[in-house]
Amino acid sequence: MSTLAQKKGFGATIWDYLTTVDHKKIAILYLIAGGFFFLVGGLEAMFIRVQLAVPNNDFVSAGLYNEILTMHGTTMIFLAAMPLVFAFMNAIMPLQIGARDVAFPFLNSLGFWLFFFGGVFLNLSWFLGGAPDAGWTSYASLSLASEGHGIDFYVLGLQISGAGTLIGGINFLVTIINMRAPGMTYMRMPMFTWATFVTSALILFAFPPLTIGLFLMLFDRMFGANFFDPTMGGNTIIWEHFFWIFGHPEVYILILPAFGIFSEIFAIFSRKRLFGYSSMVFATVLIGFLGFMVWAHHMFTTGMGPIANAIFAVATMAIAVPTGIKIFNWLFTMWGGSIQFTTPMMYAVAFIPSFTMGGVTGVMLASAAQDYQYHDSYFVVAHFHYVIVGGVVFALLAGTHLYWPKMFGTMLNEKMGKWTFWLFLIGFHLTFFIQHFLGLWGMPRRIFTFNEGQGLDAANAVSTVGAFFMAVSTIILLINIIMTSIKNEKVGSDPWGDGRTLEWAIPSPPPFYNFKQLPLVRGLDALWIEKMEGKKGMTPAEPLGDIHMPNNSIIPFVMSSGLFVAAFGAMYHADEGNTWGIPVLIIGLLITLGSMLVRSVKDDHGYHIHKEELVDDDDKGVKA
Amino acid sequence: MTNEQLNSGNPKVDIEYRRKKNAEEMRYQIITFALMIFLTLVAFVAVGYEGFSASFAVPFILVLAFVQVAFQLYYFMHMSHKGHEAPALFLYSGVFVGFITVLAFMTVIWW
């Protein structure tokens, strides 16, 4: 054994994770950070439901309620769903295409730490004078009027974490274009890799509008500009357009990886090739394309005029077509398959009707004339929770169960997994189904309480009960994770027994160099092809040779922390009598620029794992 | 790609062919360069000439600008060569997204 597999102390492990550039460890970091923010956002959701459980409740005040609902949305979208999606893309995509890492390991680490510091910065607002309170959309007329520093935390925090996301997206694009194993053509890529590819392209084009919008907001709030202030010749609608040009692709950024995860699950647990693979690819690309032409359906009531409304309404409804293609392909994948109802498969099966219901209300909302009735009511709340929870969260939970063995080398308990599933499914429908009707009965969204005797009491109580089901389900999942980690029963490379793609051909967890020899890919579902021909594993595409690896680096951490410091300076410098704001801003930027300089001038060629070390390192001994 | 280095040591490299290709490439570049200078002059004249109103001159020089960008990308940055499909795809997607953003801002935002 070489220096590679030493037992490490606690401090050394922490240092290892702070400096790691390994895509699998960064995936674990994303999973932990995203999981933590998911719990924070879930707690905020519970506060919302408790406040609304009975009429005229005073569990939280009106102002605090605004902060909680804003932070619930912002946290769940930017700090929970996005990083959890990134966790799976990082952990699985390079393995699926037969790569040893992503194209830019250093940038991968930088992307994570930017996201992390942005998220921490945003959540520090709770302790530093109040969280943002203008909704996750932060419409300019509200947010410019918001007092205190809440919105500043939103703007700066999202700016930093958004940069991290953009870096991650570009990294995945380059990886998929350049680093596929021999024989892995575009039309042999697993569906999850395709989803990652299209998602990354969406990130590439959707995040710059957000960055610009946030910059304009930053200058309006902190440096005396007036882009969004109509009394000074600005226009508040500009923010809405920028936000939704980003915001609509953003929901596809979340749902496409979910589709990818489910496509893998349906194929694995039906023991069948994914039905209509090429039409799935086509549908994914088409959804990504159409996603950029529909943003204004969030703004039907701003007065764009009937022609614009009609165009955006028709474009929106068109998206139902590729989505429908996908739904039918999944059903046909199951048809005639030898189906196993494992925990991931149960999520996948429950996802189809749940998500379709969200899709149908989406088409209802897309009809501009009807939208005037639904706008800003609980019907909208019900709709987007059906697509985001019924689609994305189901996929994340399913993916957690499916890929846990690949990421950690041990299986989550199936029995507890099924408890989690059933409680979550029941709780989810109990919470959100009734909210469609609350909206139709006239309950506006984002209100902190309602009066007795308006016909809203019973339905709100039901909705709150459902939320507790989901909370219990999440707690069971946590217990499951803790128990599984303590037991730590190691599993082999293909713990589900029916793995089809390359990630199931290597040990769980994979060695840090992933593939000793790059595999030769002979078709779609590369591992399944070899299995069907009676082979044990993949045929190597190259002789055993030295493997070039990148060195670990603390620079991404330092670089991101500089922006974190600078954000405090930018935020507080505008306060009356503040003297330290500008110096802190400059110090923070100097830390960032200095570490960029160090990175530029210092040569870091990485190191090689020598052939001799790989030869006697047989696959039985798993290292990480 | 035609602009690859010739020091590969591979005896099969057809130096004659490469030389011809490079000469051809060079001719295109010089033609394009001359055209670009000409177009720039045209743009200046269009703005400077009294007879053209702003409603003609502005769209006209915008068209010229697009032509210039295309020349730049295809003849000087070698996008016409093989192996540039992915960058081209992403470039055009970016242009498309930028275009509909500007279009929307000019049409559906009321002031």
Side-chain angles (χ1 to χ4, degrees), chain A residues 169-170 173-178 180 186 197-198 200-210 212-213 216 227-228 230 233-246 248-249 285 288-297 299-300 302-312 315, chain B residues 1-13 18 21 25 54-55 58-59 61-63 65-111:
Chain A
I170 293 171
L173 280 176
V174 179
T175 307
I176 295 176
I177 292 175
N178 288 326
R180 283 164 290 132
Y186 279 108
F197 186 66
V198 177
S200 304
L202 292 185
I203 288 174
L204 177 64
F205 297 123
F207 269 73
L210 176 71
I212 292 167
L216 300 185
F227 293 108
F228 302 129
N235 189 333
T236 181
I237 298 293
I238 291 175
W239 166 267
E240 296 188 25
H241 277 283
F242 272 132
F243 187 85
W244 286 117
I245 289 172
F246 148 76
H248 199 80
V285 175
F289 178 72
L290 288 174
F292 277 97
M293 285 183 283
V294 298
W295 79 87
H297 67 210
M299 304 166 58
F300 281 147
T302 51
M304 294 182 297
I307 296 171
N309 275 9
I311 292 170
F312 283 108
Chain B
M1 268 170 265
T2 48
N3 56 343
E4 267 170 62
Q5 297 299 314
L6 294 178
N7 55 1
S8 68
N10 182 349
K12 280 190 183 160
V13 171
R18 287 289 173 85
K21 266 285 183 199
E25 186 84 352
S55 59
V58 172
I61 60 173
L62 276 177
V63 169
F66 275 113
V67 174
Q68 296 253 21
V69 169
F71 278 164
Q72 171 72 22
L73 288 174
Y74 278 90
Y75 288 98
F76 288 96
M77 298 176 78
H78 304 292
M79 226 168 80
S80 51
H81 292 178
K82 258 175 96 174
H84 289 63
E85 293 81 9
L89 171 69
F90 281 92
L91 218 145
Y92 284 119
S93 308
V95 167
F96 171 71
V97 172
F99 172 74
I100 56 170
T101 305
V102 172
L103 184 71
F105 275 48
M106 291 178 69
T107 50
V108 296
I109 295 184
W110 32 258
W111 291 84

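Note on naming: letters A, B, ... go to the chains in the order of the sequence lines (proteins, then strands), and numbering restarts at 1 for each one.
Looking at heavy atoms from C-beta onward, B/Ile100 lies in side-chain contact with A/Trp295 at the 4.5 angstrom threshold.
Interface remark: B/Phe96 contributes side-chain atoms only to the contact with chain A (heavy atom separation under 4.5 Å). If you measure heavy-atom distances from B/Thr107 to chain A, you find no contacts under 4.5 Å at all. Looking at A/Leu173, only its side chain comes within 4.5 Å of chain B, counting heavy atoms on both sides.
Residues A/Val294 and A/Leu290 come closest through the heavy atom pair CG1-O, 3.5 Å.
In this structure a side-chain-to-backbone donor-acceptor pair under 3.5 Å is missing from B/His81 to B/Met79.
Ring geometry for A/Phe228 versus A/Trp239: interplanar angle over 60°, hence perpendicular rather than tilted (30 to 60°).
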